[in-house]
Amino acid sequence: MNQKEFMQRFDALAFKAFGAAGVADAAHFIADDGTETPCTVLLDESVQQFGEVDAGPVPVTFDRITLQLSEVTPRKGAVVRIDGSGRRLKLVQPLRADASTAQWEVANA
């Protein structure tokens, strides 16, 4: 097993445990062509971001979603629908990614 496979298996187990604890959400990833793929996501609301060189830092808040790359291939403009609430979130810009997960800034779709 290589590092990518290990990370994807570990994250799949972690997301499953987070879902059982009520922290992760079942969702559907909706690609540009309308194809829907079931997935599990972590949604962080009102994340605070500070500028790197602000003399008097003022936080800017945004919502962030974490996706498993073993489930979906995120692209700017795609939509994630949270199953429990029906909330629709559009992927705005990538924030960070590794071989297993990707975090994106999202906005209401």
Side-chain angles (χ1 to χ4, degrees):
M1 172 184 323
N2 63 32
Q3 183 179 6
K4 178 180 177 179
E5 292 169 333
F6 172 81
M7 290 175 64
Q8 288 183 343
R9 287 183 184 181
F10 177 85
D11 283 336
L13 289 171
F15 273 60
K16 186 175 181 179
F18 293 151
V23 178
D25 294 298
H28 279 79
F29 180 84
I30 306 168
D32 293 338
D33 66 0
T35 304
E36 294 192 23
T37 304
C39 61
T40 309
V41 300
L42 300 175
L43 173 61
D44 299 307
E45 298 176 294
S46 299
V47 175
Q48 291 187 359
Q49 172 107 7
F50 294 89
E52 293 179 21
V53 293
D54 292 337
V58 176
V60 175
T61 61
F62 61 94
D63 292 344
R64 173 180 66 202
I65 200 163
T66 304
L67 301 156
Q68 294 183 80
L69 299 178
S70 63
E71 295 179 335
V72 298
T73 303
R75 298 274 187 253
K76 185 175 182 177
V79 173
V80 173
R81 185 184 69 242
I82 307 295
D83 291 351
S85 66
R87 185 172 177 196
R88 296 170 57 89
L89 302 164
K90 185 175 186 175
L91 301 184
V92 176
Q93 68 178 1
L95 299 171
R96 71 163 213 71
D98 58 28
S100 180
T101 62
Q103 289 185 341
W104 282 72
E105 179 180 337
V106 293
N108 289 326

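Other cluster members for F29: V41, L43, I65, L67, V72, V80, I82, L89, L91, W104, V106, joined by side-chain heavy-atom distances under 4.5 Å among Ile, Leu, Val, Met, Phe, Trp and Tyr.
N108 contributes atom CG, which lies 11.0 Å from atom CZ of R88 (distance to the nearest 0.5 angstrom). Within the model, atoms NZ of K4 and OG of S100 stand 9.5 Å from one another, a figure rounded to the nearest 0.5 Å. A distance of 12.5 Å separates CD in E45 from CZ in F62, rounded to the nearest 0.5 Å. Note: T101 OG1 to Q68 CD = 8.5 Å, rounded to the nearest 0.5 Å.
Two residues are said to be in side-chain contact when any heavy atoms from C-beta on lie closer than 4.5 Å; F18 and T66 fail this criterion.
Applying the salt bridge (charged side-chain N to carboxylate O under 4.0 Å, His left out) test to residues at least two apart or on different chains, the pairs with a partner in residues 60-85 are E36-R81, D44-R64, D63-R87.
Smallest separation of non-hydrogen atoms from A24 and G19: CB-N, 3.6 Å. Smallest separation of non-hydrogen atoms from E5 and N2: N-OD1, 2.7 Å. For the pair Q8 and A99, the tightest heavy-atom approach, listed with the atom from each and the gap, is NE2-O, 3.3 Å.
Applying the 6.0 Å contact sphere to CD of Q3 captures no more than 12 heavy atoms from other residues, nucleotides or ligands.
At distances below 3.5 Å, not a single donor-acceptor pair connects side-chain atoms of D25 with backbone N or O atoms of A27.
Taking the six-membered ring where tryptophan is involved, the planes of F6 and F10 are essentially parallel, since the angle between them stays under 30° and well short of 60°.
Partners of S70 according to the side-chain hydrogen bond (donor to acceptor under 3.5 Å, both in side chains) rule, which considers only residues two or more places apart in sequence or in another chain, do not exist here.
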